[in-house]
Amino acid sequence: MTIDAMHWVWNHSRAKGNVRMVLLAVADKAPGPDARARMGTTEFRARLNASKSVVVNAVDKAIELGELVIDEPAVGSRAATYQLPHAVGYVRPTLNARGPESGPVSDGYRSGIETPNSEQGSGIRTGSETARGPESGPGGSGIETPRGPDSGPLNQTTPTRSASKQERELVPPVLGPEIPTNARPLVDAITAAGILVRWNLSTSEWFIVDALIKRTGVAALAAYAQKQAAAKDISYAKYFLPGWRELPPLPEPGTERPALRAVSGGWQPYTNPTDVSAYSNGF
């Protein structure tokens, strides 16, 4: 059911941020124990209140994490069907289910100490109680309330922490998108040029960037990005992808750069190097 699937996401999922919101969106819509729901990008955007790129990136991360699978791919106008594989058949624990202690106390659970009558009482007193008659003696019955050892929970000087809390503290925080090693020189070159953009690219887009680096080179890609950023304010690195695709590839190895002809004295009119008589009339 929906509540069981959502309970699994809240208590057992390793996802964080928008990735967890994607899992909760699927769990909220899943009608049965198979944890399956048909959802499109538009519905994901409405539930997450985020842009298309953020939604696509979050879905990709959930699939990479193994907590979301595409059960039926999208066909035409019909959206894809997603499934939470670890939540299939999951049933949340029943609250306040404590076994025999929650029901009536049977004879087997009774203490066996009976009160003779209402006037006499049970006959059990703590050492601090005032004696009520000859039966209690001068110091009371001598039966004291157990307090446990000094090292017990009531006298601990150091707080105890659950293992799950300690494990959560050891998990490093997610500081931003992970930059692939092959794309790091390009990202560093663009950042060093003072261009600060968001690198929230999908896995397939990072593959495209890696191919462009091998084909065109880091210098050409960084120069194009710097030129575009000088003309307008750019927030996302994804903006550069269409232009990067149109850049020429690197020259073949061994290609020589053409020599430039230097002219002393600045610009000069063209003259025929062999026959200068054509210019004798002043033309």
In Å and rounded to the nearest 0.5 Å, what is the CG to CD distance from Asn57 to Glu205? 8.5 Å
Considering only heavy atoms from C-beta outward, does the side chain of His7 approach that of Pro93 to under 4.5 Å? yes
Please step through side-chain contact (heavy atoms from CB on, under 4.5 Å) for the pair Val22 and Val55, ending with a clear verdict. CA-CA 8 Å; Val22 166; Val55 168; 5.5 Å; no
May I ask you to list the residues sharing a hydrophobic cluster with Val54, side-chain cutoff 4.5 Å, ordered by chain and number? none
With the 4.5 Å side-chain cut-off for hydrophobic clustering, are Ile63 and Val56 part of the same group? no
Kindly determine whether Leu250 and Arg215 satisfy side-chain contact (heavy atoms from CB on, under 4.5 Å), including the steps that lead there. CA-CA 6 Å; Leu250 290 170; Arg215 188 196 70 167; over 6 Å; no
Contacts of Glu64 that satisfy side chain to side chain donor-acceptor pair (under 3.5 Å) - sequence neighbours left out: Thr203
Would you indicate whether the side-chain heavy atoms of Asp28 and Met6 approach each other to under 4.5 Å? yes
Spatial distance of atom OG (Ser51) from atom OH (Tyr236) [nearest 0.5 Å]: 5.5 Å
Answer with yes or no whether the hydrophobic clustering places Val9 together with Val19; edges join I, L, V, M, F, W, Y residues whose side-chain heavy atoms lie under 4.5 Å apart. no
Pairwise side-chain contact, Thr181 with Arg184, heavy-atom cut-off 4.5 Å (strictly under): no
CG/Asn18 to CG/Asn200 distance, rounded to the nearest 0.5 angstrom? 10.5 Å
With a 3.5 Å cut-off and no angle check, do the side chains of Thr81 and Arg38 form a donor-acceptor pair? yes
Donor-acceptor pair, distance only, cut-off 3.5 Å: does the side chain of Arg92 make one with the backbone of Ile3? no
Which other residues end up in the same hydrophobic cluster as Leu221, if Ile, Leu, Val, Met, Phe, Trp and Tyr are linked when side-chain heavy atoms come under 4.5 Å apart? Ile179, Leu186, Val187, Ile190, Ile195, Val197, Trp199, Leu201, Trp206, Ile208, Val209, Leu212, Ile213, Val218, Tyr224, Ile234, Tyr239, Phe240, Leu241, Trp244, Leu247
Val59 vs Tyr82 side-chain heavy atoms within contact, under 4.5 Å: yes
So if you build clusters from Ile, Leu, Val, Met, Phe, Trp, Tyr with side-chain heavy-atom gaps below 4.5 Å, do Leu24 and Val26 land together? yes
Closest non-hydrogen atom pair, Ala15 against Arg20: O-NE, 3.1 Å
A side-chain contact here means heavy atoms from C-beta on lying under 4.5 Å apart; do Glu67 and Trp8 qualify? yes
Taking the side chain as C-beta and beyond, is there a heavy-atom pair between Lys29 and Met39 under 4.5 Å? yes
Identify the heavy atoms of Ala80 and Ala74 that sit nearest to each other, and give their distance. CB-N, 3.6 Å
Taking the side chain as every heavy atom from C-beta outward, state whether Arg45 and Lys52 have any atom pair closer than 4.5 Å. yes
Note: Gly66 and Pro85 closest approach over all heavy atoms is O-CG, 3.7 Å
Any donor-acceptor pair under 3.5 Å linking the side chain of Gln226 with the backbone of Ala193? no
Nearest 0.5 angstrom please: Ser235 OG to Leu196 CG, how far? 10.5 Å
Interatomic spacing from CG in Leu48 to CD in Glu43 - rounded to 0.5 Å: 11.0 Å
Going from CZ on Arg14 to CG on Leu65, what distance comes out if it is rounded to the nearest 0.5 angstrom? 4.5 Å
Does Val69 share a hydrophobic cluster with Leu84, counting links as ILVMFWY side-chain heavy atoms below 4.5 Å and allowing steps through other members? no
